[in-house]
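What follows is a set of notes on a single structure, which appears directly below.
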There are 2 protein chains.
Amino acid sequence: MTTIKDVAKLANVSPSTVSRVLADSNRISQPTKERVRKAMEELDYYPNFLARSLITRASRTLGLVLSRPADSAFSNPFFPAILRGISQVTQSRQYNLLLVTTENPVEEEEQCLRMFSEKRVDGLILLTPRTNDLLIRSLTRVNCPFIVVGRATGKGCHSVNNDNIKAAYTAVSHLLSLGHRRIALLNGPESYTFCQDRYLGYCQALEDAGIPVESRLVRHGALTQEDGKKLTTLLLEQSPAPTAIFAVDDVMAFGVYKAASELGLTIPQDLSVVGFNDDPLASMVEPSLTTVKIPIMEMGNAAADMLIQLLEGGAPPPEFILASELVIRASCGKVL
Amino acid sequence: MTTIKDVAKLANVSPSTVSRVLADSNRISQPTKERVRKAMEELDYYPNFLARSLITRASRTLGLVLSRPADSAFSNPFFPAILRGISQVTQSRQYNLLLVTTENPVEEEEQCLRMFSEKRVDGLILLTPRTNDLLIRSLTRVNCPFIVVGRATGKGCHSVNNDNIKAAYTAVSHLLSLGHRRIALLNGPESYTFCQDRYLGYCQALEDAGIPVESRLVRHGALTQEDGKKLTTLLLEQSPAPTAIFAVDDVMAFGVYKAASELGLTIPQDLSVVGFNDDPLASMVEPSLTTVKIPIMEMGNAAADMLIQLLEGGAPPPEFILASELVIRASCGKVL
DNA sequence: TTGTAAGCGTTATCAA
DNA sequence: TTGATAACGCTTACAA
């Protein structure tokens with residue numbers, strides 16, 4: 001292992017001088033810098049990051065917490081997109097990205113506190129927060145800097161989010177404008193704030209149209225195709241059945257397609273569907289899926305940016321909201 | 001910051017004793033252990049990982065290298081699956097997972113060498129190797145332990161792979177058994193070894209059936225829907241046109257669907273399609289896609305397992321091959 | 001502009 | 001069974 005001492009010896013300077021060259025200090029003469037740099041190159045020297053972090057008290061590493069049960073966390077296209085957005089920033093800002101995967105909320109909290117307390121990460125990015133999120137409270141307690149992707153409830157929180165209420169409002173309004181009156185909501189787990197917000201938007205749109213919200217038309221399940229299918233079957237067995245379904249996630253919407261096909265219903269003639277996320281395959285399915293497109297990658301960018309700001313003493317805004325957009329395709333029809 | 005010294009003071013022992021308790025050394029008396037543990041708990045003590053790594057010369061961190069251009073690397077469902085497999089193992093074996101994302105081969109090599117030389121990671125997992133992969137050579141040169149997911153060419157390499165040649169052979173044989181004679185291959189970039197292997201299996205199957213390989217029926221492109229569509233259009237414009245297409249990736253196969261629909265061709269009546277990977281949405285598209293299912297998650301498990309073995313002085317097998325399976329759905333028809 | 005020396009929080013060596 | 005003491009490789013006063 002070649003250390004700073006080896007470089008110092010070869011360049012005929014002291015270790016501290018090498019360290020200063022490493023930091024490009026302006027208190028080192030140009031000729032010395034060059035000599036030291038040549039020595040570094042010759043020895044193929046890389047500074048030991050652990051030693052440096054130990055003393056600077058910064059690991060330059062961000063932790064990304066994947067807390068949802070693995071199957072839905074990984075298979076949902078939301079995940080690669082947000083990851084890509086985050087890694088773009090960490091890479092360009094010379095930060096590292098550590099993945100923290102957990103199976104349940106208890107383990108999640110343990111792991112996160114440990115990662116931070118052990119100085120492995122300088123801060124964390126959390127996805128899909130829940131109401132009264134325990135993790136958020138714990139992190140605040142130990143002064144761990146973090147950014148939440150989604151609506152965060154605690155005070156002193158920093159978050160990146162999209163306009164879920166408005167987005168859901170727009171989606172449901174679209175269905176209303178096509179003449180639908182019995183619009184069902186295929187929702188995810190109630191505990192997630194984004195599900196609550198999309199529910200709110202759904203209710204507001206109906207209310208503004210003078211239509212009461214019927215609880216029999218609102219269902220909750222996991223963000224999976226299976227649950228989407230199962231719940232759709234339940235929704236359509238009712239009488240009078242809904243003529244349209246707004247799913248809070250495209251993957252669930254694909255489950256609607258499955259259920260409709262099994263029940264012999266044709267989309268959009270017999271049933272209209274709107275999804276959420278603009279999954280790459282939303283345009284592939286038959287008929288192509290009308291869905292809300294959110295700038296997931298940009299949210300990842302913003303989250304990483306804000307966390308780094310926080311770590312470097314900046315003061316990012318407490319909340320950063322990105323706009324979504326309804327992408328109209330072929331899955332919605334008019335009610336005659 | 002509470003350190004080992006604070007714990008030592010509170011428990012009335014020396015720092016080295018605390019360190020031994022941390023390691024659960026059997027040379028410490030039970031009462032002392034309990035006293036020290038109580039002190040740790042009271043102080044909410046977490047050992048500083050950087051300090052520990054510095055002296056033990058092990059970061060207990062694996063690096064996962066994402067080198068393909070970001071768009072295809074992240075959007076392909078292969079990625080979340082392999083990631084999940086890897087993280088399952090790192091989590092249970094108490095290792096960390098660092099993501100190394102790069103945009104091009106040059107940057108890829110720089111980053112990887114740096115991560116290892118700076119002691120940020122103990123070893124690396126590489127995805128989708130190319131022939132004469134420069135990175136593999138560099139890592140070997142600096143003695144960086146690594147595992148390749150895919151077929152690796154260098155000697156001394158350890159790799160996890162699936163039976164690509166056989167899998168492609170089976171897929172094409174399936175089409176042959178349905179009476180197809182003009183079977184096109186929709187291939188990915190030639191430089192990837194998995195593309196070469198699937199090409200080999202394709203050729204062998206044709207050969208064994210006494211059908212010459214026509215270069216006009218073999219196309220290369222990116223592993224994207226767009227390229228799948230574009231190349232399919234080119235394939236089908238020819239005369240005589242292929243009656244079946246074997247795509248080396250489901251995402252490309254979805255592009256075939258798009259092209260067919262635009263050209264007014266019905267799958268499977270006018271065109272048969274076989275994909276690769278068993279993307280979660282292969283069963284969703286209409287008609288559902290016949291595809292080769294590979295145990296991606298298990299490959300991730302194996303890769304992480306082997307790397308950890310390597311790091312802990314074990315001797316994993318140089319190559320570990322997992323079997324794939326053809327999932328027959330509705331996208332292939334008989335030739336009349 | 002450069003060097004000396006202390007210290008970051010651990011583990012490891014040796015002695016008691 | 002435990003405790004001093006010296007590393008690990010770096011940065012950073014403080015001195016020169």
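To find a chain, count down the sequence lines: A is the first, B the second, and so on, and within it residues start at 1.
- Within 4.0 Å (heavy atoms only), B:Arg57 reaches sugar-phosphate atoms of the nucleic acid but no base atom.
- In this structure the side chain of B:Thr128 never reaches within 4.5 angstrom of the side chain of B:Val149, judged on heavy atoms.
- Atom CG in B:Asp6 sits 9.0 Å away from atom OH in B:Tyr45 (nearest 0.5 Å).
- B:Gln111 and B:Thr102 share no donor-acceptor pair across their side chains, judged by distance under 3.5 Å alone.
- Residues of residues 3-12 of chain B that place a heavy atom closer than 4.0 Å to DNA chain C, in numerical order, are B:Thr3, B:Ile4.
- For A:Ser53 (side chain) and A:Leu50 (main-chain N/O), no donor-acceptor pair under 3.5 Å exists by modelled atom type.
- The side chain to side chain donor-acceptor pair (under 3.5 Å) test applied to A:Asp133 returns no partner, not counting sequence neighbours.
- On the nucleic acid side, DNA chain C has its first and last nucleotide under 4.0 Å of a heavy atom of chain A at C:dT1 to C:dG9, going 5' to 3'.
- Applying the side-chain hydrogen bond (donor to acceptor under 3.5 Å, both in side chains) rule to pairs touching residues 15-29 of chain A yields A:Ser14-A:Ser16, A:Ser14-A:Thr17, A:Asp24-A:Lys33, A:Asp24-A:Arg37, A:Ser29-A:Thr32, sequence neighbours excluded.
- Summarising the geometry, the separation between CE on A:Met1 and P on D:dC10 is reported as 6 Å, rounded to the nearest angstrom.
- Rounded to 10 degrees, the angle separating the terminal axes of the helix from C:dT1-D:dA16 to C:dA16-D:dT1 is 40°, with each axis obtained from five end pairs.
- In this structure, the side chains of A:Leu97 and A:Leu83 come closer than 4.5 Å at one or more pairs of heavy atoms.
- Taken from CE in A:Met306 to OG in A:Ser159, the straight-line distance is 6.5 Å, to the nearest 0.5 Å.
- The 12-atom threshold is not exceeded at CD of A:Glu41, counting heavy atoms of other residues, nucleotides or ligands nearer than 6.0 Å.
- Not counting sequence neighbours, the partners of A:Ser59 by the side chain to side chain donor-acceptor pair (under 3.5 Å) test are A:Asp122.
- Look at NZ on B:Lys119: it is 9 Å from P on D:dG9, rounded to the nearest Å.
- Residue A:Thr17 is classed as a sugar-phosphate contact, given heavy-atom separations below 4.0 Å to backbone atoms only.
- For A:Asp305, the salt bridge (Lys or Arg N to Asp or Glu O under 4.0 Å) partners two or more places apart in sequence, or in a different chain, are A:Arg93.
- Using a 4.0 Å cutoff on non-hydrogen atoms, no part of residues 23-39 of chain B comes near DNA chain C.
- Look at B:Glu108 and B:Arg130 and you find a salt bridge, because one of the NZ, NE, NH1 or NH2 atoms lies within 4.0 Å of a carboxylate O, short of that distance.
- Residue pairs satisfying the salt bridge (charged side-chain N to carboxylate O under 4.0 Å, His left out) criterion with at least one member in residues 42-55 of chain A, sequence neighbours excluded, are absent.
- Using a 4.0 Å cut-off on heavy atoms, the residues of residues 48-56 of chain A that approach DNA chain C are A:Leu54, A:Ile55, listed by number.
- Take A:Asn48 and apply the side chain to side chain donor-acceptor pair (under 3.5 Å) test, not counting sequence neighbours, and it matches no residue.
- Looking at residues two or more places apart in sequence or on another chain, you find a salt bridge (Lys or Arg N to Asp or Glu O under 4.0 Å) between A:Glu118 and A:Arg114, A:Arg120.
- In this model, the phosphate group of D:dC10 is approached by a side-chain N or O of A:Tyr45 to a distance below 4.0 Å at OP1 or OP2.
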